[in-house]
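The structure appears right after this line, and notes come after that.
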Amino acid sequence: MSGKERLQETLLVDEKEKNLSEIVLFNDEVNTFDHVIQTLIDVCEHTPEQAHQCSLIVHHNGKCTVKTGEYSDLKPRCTRLLQAGLSAEIV
């Protein structure tokens, strides 16, 4: 692959990544760790380990990105997180 082809491929990857959004989960004083973990498993398709780590990050840092992707995929997931009583937004 020539240098020009590599540059074009890199630019295409960079452009695709620019179109990605994130769901950010915020800490609250209401939901239990178990509820947050199970919701992340169900809604964001996290493994139990991922969900546990995210819940700890949210607890200690106040927020955590829990899912990255295209807005059209994230919107229904964020809605489900909100319906489950969690505090989240798409950025």
Side-chain angles (χ1 to χ4, degrees):
M1 182 182 294
S2 74
K4 184 177 179 181
E5 289 172 327
R6 270 189 239 128
L7 179 60
Q8 288 175 332
E9 183 176 304
T10 300
L11 290 174
L12 288 173
V13 169
D14 288 346
E15 184 61 33
K16 185 174 182 177
E17 288 177 358
K18 287 180 186 176
N19 293 327
L20 298 180
S21 299
E22 300 175 336
I23 296 177
V24 178
L25 182 66
F26 296 95
N27 191 34
D28 63 44
E29 301 300 322
V30 179
N31 292 292
T32 65
F33 277 96
D34 288 340
H35 176 66
V36 173
I37 291 167
Q38 190 58 53
T39 303
L40 289 174
I41 291 168
D42 295 342
V43 174
C44 296
E45 300 174 4
H46 283 202
T47 64
E49 294 81 13
Q50 287 174 306
H52 181 74
Q53 288 297 314
C54 284
S55 69
L56 289 175
I57 292 169
V58 168
H59 179 72
H60 291 291
N61 295 344
K63 64 181 179 179
C64 177
T65 297
V66 295
K67 191 75 173 174
T68 301
E70 293 185 14
Y71 183 86
S72 60
D73 176 54
L74 298 183
K75 179 65 174 157
R77 293 178 192 269
C78 190
T79 298
R80 288 178 59 199
L81 291 174
L82 296 172
Q83 289 171 340
L86 303 182
S87 179
E89 71 178 9
I90 299 174
V91 295

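Inter-residue side-chain proximity for Leu20 and Glu70 is flagged as met; some heavy-atom pair is nearer than 4.5 Å. Side-chain contact between Glu45 and Arg77: present, with at least one pair of heavy atoms (C-beta onward) separated by less than 4.5 Å. Leu86 has its side chain within reach of Thr39: a pair of non-hydrogen atoms, C-beta onward, lies under 4.5 Å apart. Looking at Pro48 and Ile37, their side chains never come closer than 4.5 Å, going by heavy atoms from C-beta outward.
The distance from atom OG1 of Thr47 to atom CD of Gln53, rounded to the nearest 0.5 Å, is 9.5 Å. The line from NE2 of His59 to CD of Glu29 is 8.0 Å long, rounded to the nearest 0.5 Å. Note: Leu81 CG to Leu74 CG = 10.0 Å, rounded to the nearest 0.5 Å. Separation of atoms CD (Gln83) and SG (Cys78) is listed at 10.0 Å; rounding is to 0.5 Å. Rounding to the nearest 0.5 Å gives a distance of 12.5 Å between CD1 of Ile57 and CG of Asn27. To the nearest 0.5 Å, the span separating NE2 on His46 from NE2 on His52 amounts to 13.5 Å.
The same ILVMFWY cluster, assembled from side-chain heavy atoms under 4.5 Å apart, contains both Ile23 and Tyr71. If you chain together hydrophobic residues whose side chains sit under 4.5 Å apart, Val91 and Val66 never meet in one group.
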- side chain to side chain contact (heavy atoms under 4.5 Å, CB included) between Leu25 and Leu40, intermediate numbers included: CA-CA 10 Å; Leu25 182 66; Leu40 289 174; 4.3 Å; yes

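Here the shortest heavy-atom pairing between Ala88 and Phe26 reads CA-CD1, 4.1 Å. Across all their heavy atoms, Asp28 and Ser87 have their closest contact at OD2-N, 4.5 Å.
Side chain of His35 to main chain of Ala84: a donor-acceptor pair is present (N/O by atom type, distance under 3.5 Å, no hydrogens or angles).
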